[in-house]
Every structure is written in C-alpha cells, then in structure tokens.
*Asks:* 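Just dropping this structure here.
Labels below follow one simple rule: chain letters A, B, ... track the order of the sequence lines, proteins then strands, and each chain is numbered from 1.
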Amino acid sequence: MQKPSIPKGTRDFSSIEMQRRNYIFDTIKKYFRLYGFEQIETPAMENLNTLTGKYGEEGDQLLFKILNSRLHESKNKEQLQNEFKLSLEHARNTDILTERALRYDLTVPFARYVVMHQHELTFPFKRFQIQPVWRADKPQKGRYREFFQCDADIIGSNSLVNEVELINMMDDVYSALGIPTTIKINNRKILSGIAEVINEPGKIVDITVAIDKLDKIGRENVEKELLEKGITPAAIQQLAPIFESTGNNEAKLNTLRSFLSNSEIGKQGIEEIDFLLKSNTSNLTSQTELDITLARGLNYYTGSIIEVKANAGTLSSSITGGGRYDDLTGIFGLKGMSGVGISFGIDRIFDVMNELDLFKDKLKDQATVQLLFLNLGDAEQAHILGLLGQLRKAGISAEIYPDQAKEKKQFEYAQKKKIPYICTIGSEELNSGQYTVKNMESRQQHKGDLNSIIEYFSQRSAD
RNA sequence: GUGGAUGUAGCUCAGUUGGUUAGAGUAUCGGUUUGUGGUACCGAGGGUCGCCGGUUCGAGCCCGGUCUUCCACCCCA
C-alpha cells in the first residue's frame with residue numbers, strides 16, 4: 001500500500017471550504033458582471049514561448065514546464081541528450097525537451113487570446129477570467145503552487161477612466177466581503193522618471209526593486225543594494241528626497257513634482273496619479289494611498305500599478321494586484337493595444353477572511369438536503385422512492401437513507417449532516433398515506449398526506 | 001535557490017537521563033430488548049513512531065542523510 005499524497009503546494013478543498021470559496025467567487029463575479037465584464041477561459045497550458053520573457057528572469061524560473069511526451073520514441077536521441085546536458089548547466093528552454101508550460105498568470109494568456117481573436121472582439125474589450133494558475137515557488141504562508149486568480153481587464157483603451165472603474169470595483173468587492181483594505185497605487189512612469197533624473201535610465205528595475213524594500217530593510221540597506229547593482233553613489237545621493245518622502249498623498253505628489261520637474265515621462269506619471277486620486281477620493285470605503293515604493297516585478301507594466309493589502313490579519317502580502325500594460329499584445333503582433341487589469345487572489349482572500357472569522361455572518365451551515373426518509377424495509381423503500389420524485393418536482397430537496405440500517409444510525413446521519421427534517425415511514429404510513437415530518441431541532445411534527453407535506457415545505461421556504 | 005522549525009492511531013497530541021507487548025482524547029465500528037436522534041455506559045478495530053542508514057546489548061528518544069509541512073529571505077495573488 002502506498003501512502004496517498006498530493007504535490008507540494010497544492011490542496012484539496014472540502015465541502016465547507018468550497019462553500020466559502022464559492023461565496024467569494026460569487027461575490028467577485030457579481031461585481032465583474034455589474035461593471036460590464038464578460039467571461040472567457042483559456043487552456044491550463046500554453047506553448048512555452050508564449051509565456052517566457054514576460055515575467056522577468058525570476059518569473060521564467062517559476063514556470064511549471066511540461067516535459068514532452070514519448071521522448072523514448074524520439075528519432076533524434078543524440079540531440080535530446082545534448083540538449084538535456086545543456087539544460088543541466090544553465091536555465092534553458094528548448095522545444096525538443098519541452099514546448100508547453102502551465103499558465104503562470106491570466107494576463108499573458110489573455111493578451112495571446114486578444115491577438116488570436118481580434119476580429120471577433122469589440123474594443124475596448126472588457127473580459128473577466130477566473131481560473132487556476134501555477135507557479136513553481138516555494139510554498140509559504142499565503143503562497144501556493146496552485147491558486148486561483150480572478151482577473152478583470154480592459155484592453156483597447158488608454159483612458160484612465162478604466163483605472164478609476166477598477167478601483168471602484170475593488171472597493172465594492174472588498175466592502176461586500178467585509179475586508180478592510182488599503183488600495184496602493186503608483187505609476188511606472190514615475191519610476192522611469194526617477195531613473196531618468198538620476199541618470200540611470202537602464203536600471204529602472206533594480207532601482208524600483210530596491211526602493212520597494214524601503215520599509216522592510218531600511219534606507220541604509222537599500223542604498224547598499226543599489227551600490228551593489230552598480231548605481232553610482234552620486235545617483236544614490238540624488239534619491240534622498242524620494243527616501244525621505246512622507247506625509248499624505250498630496251505631500252508625496254509635491255515632492256515628486258519638484259523631483260521630476262525635468263522629466264517629461266515623470267510629469268506624465270504624476271498627472272495620471274493625480275487624476276486617479278482626485279476621481280476616487282469620495283465614496284470609497286478603502287483608503288487609497290500613493291506608494292512610490294510599489295514597484296511590482298512583472299515586466300509588462302508600463303503605467304498605473306495597483307496593489308491591495310488587507311488592513312487586518314497577519315497576511316502581509318497583497319491580495320489583489322494589477323496595472324497597465326501598453327504593449328503586451330505587441331509581442332504577438334498586435335500593436336497599439338493598451339490594457340489595464342487587476343487580479344484578485346482568492347486563496348489569500350480566503351485565508352484573510354478565515355483568520356478574521358468573516359464567514360460566520362455570511363454563511364450559515366448549509367444542509368445537503370431538507371428532508372431525509374428513514375429506510376425501514378423493502379416495501380417502504382419502494383414507496384419512498386415514489387414520494388421522492390414528487391417532492392423533488394415540487395422543488396423540495398430530499399433523500400432516502402440508502403441502507404436499511406438501524407434507526408439510531410439513520411438519525412445520527414441526519415444529525416451530523418444537519419438535515420433539518422426527518423420522515424419515518426412504516427406499514428402504518430404505507431396504508432394510510434398519512435406521513436409525519438419531524439423537525440430535528442424543535443422536535444415538532446407535522447402530519448398529513450403528500451400534498452400537505454409539500455404545502456408545509458413551500459411555506460417554510462417562503463419565509 | 002538560502003536559512004530555521006516540524007513529522008508518533010483518520011484527527012489533536014502525551015511518551016521521564018535511550019530499557020519489556022508505544023498511550024490518551026476524539027473520530028470509526030459494535031453493544032446497552034428491532035417506530036423517534038443528540039447526553040451516558042461497555043467493548044472492538046486501527047501505529048514498520050515520515051523514509052533510509054549509523055551508534056548501542058537495546059533507539060519513538062542519540063547521530064547523518066533524505067522527504068513532507070510550516071516560517072523567514074527572494075519574488076509574488
């Protein structure tokens with residue numbers, strides 16, 4: 001006998017968990033539709049070359065690649081061996097060994113989809129997509145190797161109205177779920193402007209990644225890291241106003257306005273942020289915060305960057321992330337398609353809600369069925385099967401205990417499954433056609449013929 | 001990929017400086033007179049102590065390796 005197990009970083013979801021997860025899915029879907037997004041799905045696996053190069057060097061390493069099938073039947077084993085040897089020496093992709101991979105996110109497959117289906121789509125195209133993605137990360141708190149993303153993207157529109165709408169939608173979802181959140185926003189153009197101003201335009205990624213750690217490792221260590229990355233001490237010194245930037249959104253914007261006064265792209269980023277903050281401040285329940293340390297490693301972001309964190313609980317990582325990408329489809333041959341989107345991390349949302357005990361008020365214990373018939377004998381069983389058909393036609397969920405087990409056992413089954421009503425049928429009921437339905441909690445009983453029973457349940461469900 | 005912790009019955013955990021046939025609670029199954037459950041009592045089954053190796057007369061306990069899960073770093077939803 002072998003011990004059963006599942007791959008590292010994956011999980012089974014039992015009934016209670018599914019009820020809770022579905023509650024989150026349903027809530028998110030409701031708002032996706034309310035805001036006018038239409039649903040699509042794409043395959044679990046993509047061609048490897050669709051995915052590589054879109055997520056940064058780190059991201060490429062985290063792809064779950066699928067080994068080609070039937071390697072033993074290959075006619076070119078010498079080449080295979082050679083490629084395998086090379087793969088052992090350094091990170092490498094080669095069609096002969098692997099040409100497919102599990103999707104890493106939903107955005108890149110979406111870009112691929114848009115290009116392939118461009119003639120049947122109406123732009124701006126608003127799609128939502130809820131599917132699992134896979135990352136070969138080391139599992140940790142809030143980090144799984146298989147998890148669901150819930151994406152909403154608008155592609156084919158440059159308008160910042162889209163960002164405003166996405167922020168409104170995130171706020172709606174989180175206030176419906178009851179999670180207190182902070183929506184952090186930033187803009188790649190500001191980061192580009194900073195790199196430009198300090199004369200290190202080629203080091204945008206290094207600079208942003210280092211700045212991102214400011215609150216984690218402190219200014220000194222950030223400066224040390226920047227030095228290690230080859231940024232000149234003079235440039236680092238110039239960054240001082242950025243490191244020292246504090247205060248509210250308006251104060252931070254002012255700091256940036258003077259810092260980026262000579263950078264066209266930087267000024268553009270400031271204007272965009274300014275617009276978002278002004279458009280959104282009124283009716284949101286979440287706090288909106290300009291956070292210039294917000295970088296996001298994904299290669300494809302070019303404008304707005306958005307991230308949501310829960311204000312309560314112990315999970316420090318983000319529960320939603322997103323941003324604008326000006327040219328993701330360009331790689332696949334469709335230029336001039338700017339898009340912006342967000343992704344809800346439902347597995348982390350689930351963890352936060354569990355920790356904060358937020359499901360208690362949202363979901364009651366759900367019984368599998370309303371009514372259980374005890375099974376006491378062959379004749380009774382046959383009779384009950386007939387009754388079940390009529391009850392279900394009337395919309396009443398009911399079942400029969402499949403075995404003719406001891407009554408005590410059948411009662412315990414109902415109790416454990418929290419089935420609210422029991423009906424016992426024996427020879428007396430068979431003859432009279434009068435049945436007794438018992439409420440397990442109140443122990444009250446209702447007696448009558450089938451129509452009376454149906455009537456009884458109809459009234460209950462109307463309450 | 002780097003560092004730290006963890007692993008004993010289905011589940012939650014005891015297990016004394018290494019010393020007989022490894023325990024408890026809970027869950028499961030059966031019973032306490034076969035037409036009305038929850039509490040109570042009695043009984044039963046269930047563990048190659050994560051896996052491999054080493055030290056020892058003797059290892060759940062000590063040592064090495066390996067895997068799992070969890071936590072931090074990196075990065076991310």
Side-chain angles (χ1 to χ4, degrees), chain A residues 1-11 14 24 28 55-62 91 104-107 130-151 170 205 208-210 212-213 216-217 221 225 294-299 301 305-310 314-323 341-352 372 374-377 380 401 404-430 435-445:
Chain A
M1 189 192 80
Q2 61 170 15
K3 274 191 184 169
S5 65
I6 54 174
K8 198 179 190 168
T10 66
R11 298 156 302 157
S14 297
I24 303 174
I28 291 173
Y55 307 111
E57 221 175 294
E58 194 93 21
D60 278 1
Q61 306 301 320
L62 297 180
Y104 176 93
D105 72 354
L106 301 178
T107 309
I130 298 177
Q131 289 188 274
V133 303
W134 294 268
R135 295 182 187 179
D137 228 330
K138 200 165 178 176
Q140 248 182 75
K141 184 184 174 92
R143 168 168 305 179
Y144 307 99
R145 286 186 152 180
E146 177 184 63
F147 61 97
F148 271 76
Q149 291 194 327
C150 309
D151 273 37
M170 291 190 292
V205 174
T208 53
V209 166
D212 184 37
K213 295 178 195 163
K216 273 188 198 166
I217 62 176
N221 290 317
E225 184 167 324
L294 182 62
R296 302 194 62 79
L298 294 181
N299 271 1
Y301 289 125
I305 305 173
I306 307 168
E307 189 170 289
V308 179
K309 286 187 175 176
T314 57
L315 188 75
S316 57
S317 33
S318 61
I319 51 180
T320 291
I342 51 161
S343 180
F344 289 94
I346 194 244
D347 300 80
R348 287 179 176 175
I349 293 172
F350 175 89
D351 288 347
V352 169
L372 174 75
L374 300 199
N375 189 343
L376 300 179
E380 291 87 344
Y401 194 87
Q404 288 163 24
K406 292 207 169 177
E407 230 176 298
K408 179 180 172 175
K409 190 172 175 163
Q410 301 192 38
F411 266 106
E412 281 174 356
Y413 171 83
Q415 190 193 313
K416 278 179 190 160
K417 296 195 74 173
K418 299 189 162 69
I419 297 170
Y421 293 94
I422 288 280
C423 182
T424 309
I425 288 185
S427 51
E428 196 184 303
E429 287 81 0
L430 274 184
Y435 313 111
T436 303
V437 170
K438 177 175 180 175
N439 183 310
M440 288 289 278
E441 203 184 335
S442 67
R443 294 187 180 228
Q444 284 177 345
Q445 310 206 26

*Asks:* If I take atom CD in residue A:Gln61 and atom P in nucleotide B:U2, what distance separates them, rounded to the nearest angstrom?
*Replies:* 14 Å
*Asks:* More 5' along RNA chain B: A:Arg145 or A:Pro7, using each one's nearest nucleotide?
*Replies:* A:Pro7
*Asks:* Taking the side chain as everything from C-beta on, heavy atoms only, tell me whether A:Glu407 gets closer than 4.5 Å to A:Phe411.
*Replies:* yes
*Asks:* Given B:U69, B:U36, B:A77, identify the nucleotide with an atom nearest to the side chain of A:Lys8.
*Replies:* B:U69
*Asks:* By the 4.0 Å heavy-atom rule, please label A:Lys408 as base, sugar-phosphate, or nothing.
*Replies:* base
*Asks:* Given the P atoms of B:C52 and B:G43, what is the spacing between them in whole Å?
*Replies:* 36 Å
*Asks:* Is there a side-chain contact between A:Lys406 and the phosphate of B:U34, meaning an N or O under 4.0 Å from OP1 or OP2?
*Replies:* no
*Asks:* Using the P atom as the point on both nucleotides, what is the distance between B:G23 and B:U32, in whole Å?
*Replies:* 29 Å
*Asks:* Please answer whether the main-chain N or O of A:Thr10 pairs with a side-chain N or O of A:Arg145 as donor and acceptor at a distance below 3.5 Å.
*Replies:* no
*Asks:* Got A:Asp105 and A:Tyr55 here, is their nearest side-chain heavy-atom distance under 4.5 Å?
*Replies:* yes
*Asks:* Using every non-hydrogen atom in the two residues, find where A:Leu294 and A:Glu307 come nearest and quote the distance to one decimal.
*Replies:* CD1-OE1, 3.3 Å
*Asks:* What nucleic acid atoms does A:Thr107 come within less than 4.0 Å of, heavy atoms only: base, sugar-phosphate, or nothing?
*Replies:* nothing
*Asks:* Using the C1' atoms only, state how far B:U8 lies from B:C73, rounded to an integer number of Å.
*Replies:* 32 Å
*Asks:* Just to be sure I understand the rule, does A:Lys438 reach a base, reach only the sugar-phosphate, or reach nothing, if contact means heavy atoms closer than 4.0 Å?
*Replies:* base
*Asks:* Could you tell me whether A:Gly321 contacts a base, only the sugar-phosphate backbone, or nothing, with contacts defined as non-hydrogen atoms closer than 4.0 Å?
*Replies:* sugar-phosphate
*Asks:* So what does A:Ser317 touch, heavy atoms closer than 4.0 Å: a base, only the sugar-phosphate, or nothing?
*Replies:* base
*Asks:* Could you pull out every donor-acceptor pair under 3.5 Å between side chains of residues 341-348 of chain A and any protein atom, sequence neighbours left out?
*Replies:*
from     : atom 1 : to       : atom 2 : distance (Å)
A:Ser343 : OG     : A:Asp151 : OD1    : 2.7
A:Asp347 : OD1    : A:Phe148 : N      : 2.8
A:Asp347 : OD2    : A:Arg11  : NH2    : 2.5
A:Asp347 : OD2    : A:Arg21  : NH1    : 3.0
A:Arg348 : NE     : A:Gly142 : O      : 2.6
A:Arg348 : NH1    : A:Ser318 : O      : 3.0
A:Arg348 : NH2    : A:Gly142 : O      : 3.1

*Asks:* Which whole number of Å gives the distance between the P atom of B:C61 and that of B:G54?
*Replies:* 14 Å
*Asks:* Classify the side chain of A:Arg348 and the base of B:C76 as holding, or not holding, a donor-acceptor pair under 3.5 Å.
*Replies:* yes
*Asks:* Taking the side chain of A:Glu428 as its heavy atoms from C-beta onward, which of B:G35, B:A72, B:U36 lies nearest to it?
*Replies:* B:G35
*Asks:* Anything below 3.5 Å on both distances counts as a pair; with that, list the stems of at least three consecutive Watson-Crick or G-U pairs involving RNA chain B.
*Replies:* B:1-5 with B:69-73, B:10-13 with B:23-26, B:28-32 with B:40-44, B:50-54 with B:62-66
*Asks:* Could you say whether the aromatic ring of A:Phe148 and the base of B:A77 stack, counting only centre distances under 5.5 Å and plane angles under 30°?
*Replies:* no
*Asks:* Do A:Thr424 and A:Thr436 have side chains that get closer than 4.5 Å, going by heavy atoms?
*Replies:* no
*Asks:* Ignoring hydrogens and angles, tell me if any N or O in the side chain of A:Asn439 forms a donor-acceptor pair with the backbone of A:Gln444 under 3.5 Å.
*Replies:* no
*Asks:* Please state the C1' separation for the pair B:C13 and B:A27 - nearest whole angstrom.
*Replies:* 14 Å
*Asks:* With P as the reference atom in both, quote the distance from B:A72 to B:C11 in angstrom, rounded to an integer.
*Replies:* 25 Å
*Asks:* If I pick the C1' atom on B:G60 and the same atom on B:U17, what distance separates them, to the nearest angstrom?
*Replies:* 16 Å
*Asks:* What distance, rounded to whole Å, do you find between the two P atoms, one in B:G15 and one in B:A24?
*Replies:* 15 Å
*Asks:* Report the residues that fulfil salt bridge (Lys or Arg N to Asp or Glu O under 4.0 Å) with A:Glu225, sequence neighbours left out, ordered by chain and then residue number.
*Replies:* A:Lys213
*Asks:* Where each residue is assigned the nucleotide of RNA chain B containing its nearest heavy atom, which of A:Tyr144 and A:Glu429 is assigned the position nearer the 5′ end?
*Replies:* A:Glu429
